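Because the structure is a prediction, the values reported are computed rather than measured.
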Amino acid sequence: MIKIIAGGKKSKNWVLDGQNEYLKRLKKPFDVDISYMDDEKVANLGHSWPFKADQYVILMDERGENISSPALSEKLSRAFLMGMQVVIIIGGAYGVSQETRDKADFVWSVSKLVFPHELMRVLLSEQIYRAQEIYRGGKYHHV
């Protein structure tokens with residue numbers, strides 16, 4: 001299972017519709033649980049670091065490494081094969097602390113552009129679905 005921790009308040013209907021369009025297609029171990037946190041709490045996760053050794057923590061940040069969809073699929077599937085739960089953090093309006101960045105296992109940039117956290121949830125949902133289909137050998141991802 002993939003746990004997404006997202007900054008911000010509960011989403012507008014268009015965000016939920018877009019996000020759910022992809023999430024409903026996911027199958028174990030690519031299934032997703034999303035929890036929402038106050039922006040400040042997400043920004044400072046590094047202070048209390050609630051994650052365990054059996055969790056692979058990915059932070060989404062425009063200053064991270066830009067990887068391809070097949071590379072993301074490989075990262076996720078490798079974590080699953082190692083018996084790890086994947087945790088993906090989407091910061092709120094003001095991002096996250098440097099301490100949080102430093103503690104994440106992987107800092108991932110979808111783009112050098114900055115997107116609102118609501119839009120990132122839709123984009124992330126699609127990329128997780130794409131990663132699943134790449135792993136399964138499905139026809140969704142075209143090269």
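Connection of I34 to V57 is not established within any shared hydrophobic cluster, with ILVMFWY side chains joined at heavy-atom distances below 4.5 Å, either directly or through further cluster members. There is a path of hydrophobic side-chain contacts, each under 4.5 Å, that joins Y129 to V32. Residues Y22 and I2 share a single hydrophobic cluster, defined by chaining ILVMFWY side chains whose heavy atoms lie under 4.5 Å apart. There is a path of hydrophobic side-chain contacts, each under 4.5 Å, that joins L72 to M84. V42 and I88 fall into different hydrophobic clusters, where Ile, Leu, Val, Met, Phe, Trp and Tyr are joined by side-chain heavy atoms under 4.5 Å apart, directly or via other members.
Taken to the nearest 0.5 Å, the OG atom of S77 stands 11.5 Å off from the CE atom of M82. Taken from CG in D39 to NZ in K41, the straight-line distance is 12.5 Å, to the nearest 0.5 Å. Note that CD of E133 is 10.5 Å distant from NE2 of H142, once rounded to the nearest 0.5 Å. The structure places NZ of K3 at 7.0 Å from CD of Q85, a figure rounded to the nearest 0.5 Å. Note that CD1 of I5 is 12.0 Å distant from CD1 of I58, once rounded to the nearest 0.5 Å. Atom CE of M37 is separated from atom CG of L45 by 5.0 Å, given to the nearest 0.5 angstrom.
When side chains are defined from C-beta on, W14 counts as touching L119, because their heavy atoms get closer than 4.5 Å. Under the 4.5 Å side-chain criterion, counting only non-hydrogen atoms from C-beta, I67 is in contact with F106. E99 places a side-chain heavy atom less than 4.5 Å from the side chain of H47. Put simply, the side chain of M120 reaches to within 4.5 Å of the side chain of V110, judged on heavy atoms. Here the side chains of L124 and I128 are in contact, with some heavy-atom distance below 4.5 Å. Counting only heavy atoms from C-beta outward, the side chains of Q98 and D102 approach each other to under 4.5 Å.
In terms of the ring pair (Phe, Tyr, Trp, His ring centres under 6.0 Å) criterion, residue partners of W49 (sequence neighbours excluded) are, by chain and number, F51. Residues satisfying the side-chain hydrogen bond (donor to acceptor under 3.5 Å, both in side chains) test with D61, not counting sequence neighbours, are R63, R101. Remark: Y56 pairs with no residue by the ring pair (Phe, Tyr, Trp, His ring centres under 6.0 Å) rule, at least two apart or across chains. S69 pairs by the side chain to side chain contact (heavy atoms under 4.5 Å, CB included) definition with Q127, R130, I134, H141, not counting sequence neighbours. With sequence neighbours excluded, the residues satisfying side chain to side chain contact (heavy atoms under 4.5 Å, CB included) with S111 are L113, F115.
Classification of the F30-Y135 ring pair by plane angle, with boundaries at 30° and 60°, yields tilted.
Tested against M60 for a side-chain contact (heavy atoms from CB on, under 4.5 Å), the candidates I4, I90, L123 yield a single pass: I90.
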> Are E118 and K12 close enough, and set up right, to give a side-chain contact (heavy atoms from CB on, under 4.5 Å), and what steps lead you there?
Replying inline: CA-CA 8 Å; E118 290 181 319; K12 297 175 179 97; 3.3 Å; yes
> For E40 and N44, what are the C-alpha separation, side-chain angles and deciding distance, and is it a side-chain hydrogen bond (donor to acceptor under 3.5 Å, both in side chains)?
Replying inline: CA-CA 6 Å; E40 189 173 328; N44 294 307; 4.6 Å; no
> Would V86 and F80 count as a side-chain contact (heavy atoms from CB on, under 4.5 Å) if you check the C-alpha gap in whole Å, the side-chain angles of each, and the deciding distance to 0.1 Å?
Replying inline: CA-CA 8 Å; V86 174; F80 296 144; 3.7 Å; yes
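Among residues at least two apart or in separate chains, salt bridge (Lys or Arg N to Asp or Glu O under 4.0 Å) pairs with a member in residues 64-74 are E74-R78.
The shortest non-hydrogen separation linking G91 to V96 is CA-CG1, 4.0 Å. Smallest separation of non-hydrogen atoms from Q19 and V122: N-CG2, 4.0 Å. Here the closest heavy-atom approach between residue A131 and residue L76 is recorded as CB-CD1, 3.9 Å. Residues G95 and A43 approach most closely at O-CB, 3.4 Å, considering heavy atoms.
Counting heavy atoms of neighbouring residues, nucleotides and ligands inside a 6.0 Å radius, atom OH of Y140 exceeds 12 of them. Within 6.0 Å of the NZ atom in K112, the count of heavy atoms belonging to other residues, nucleotides or ligands exceeds 12.
For S125 (side chain) and R121 (main-chain N/O), a donor-acceptor pair under 3.5 Å exists by modelled atom type.
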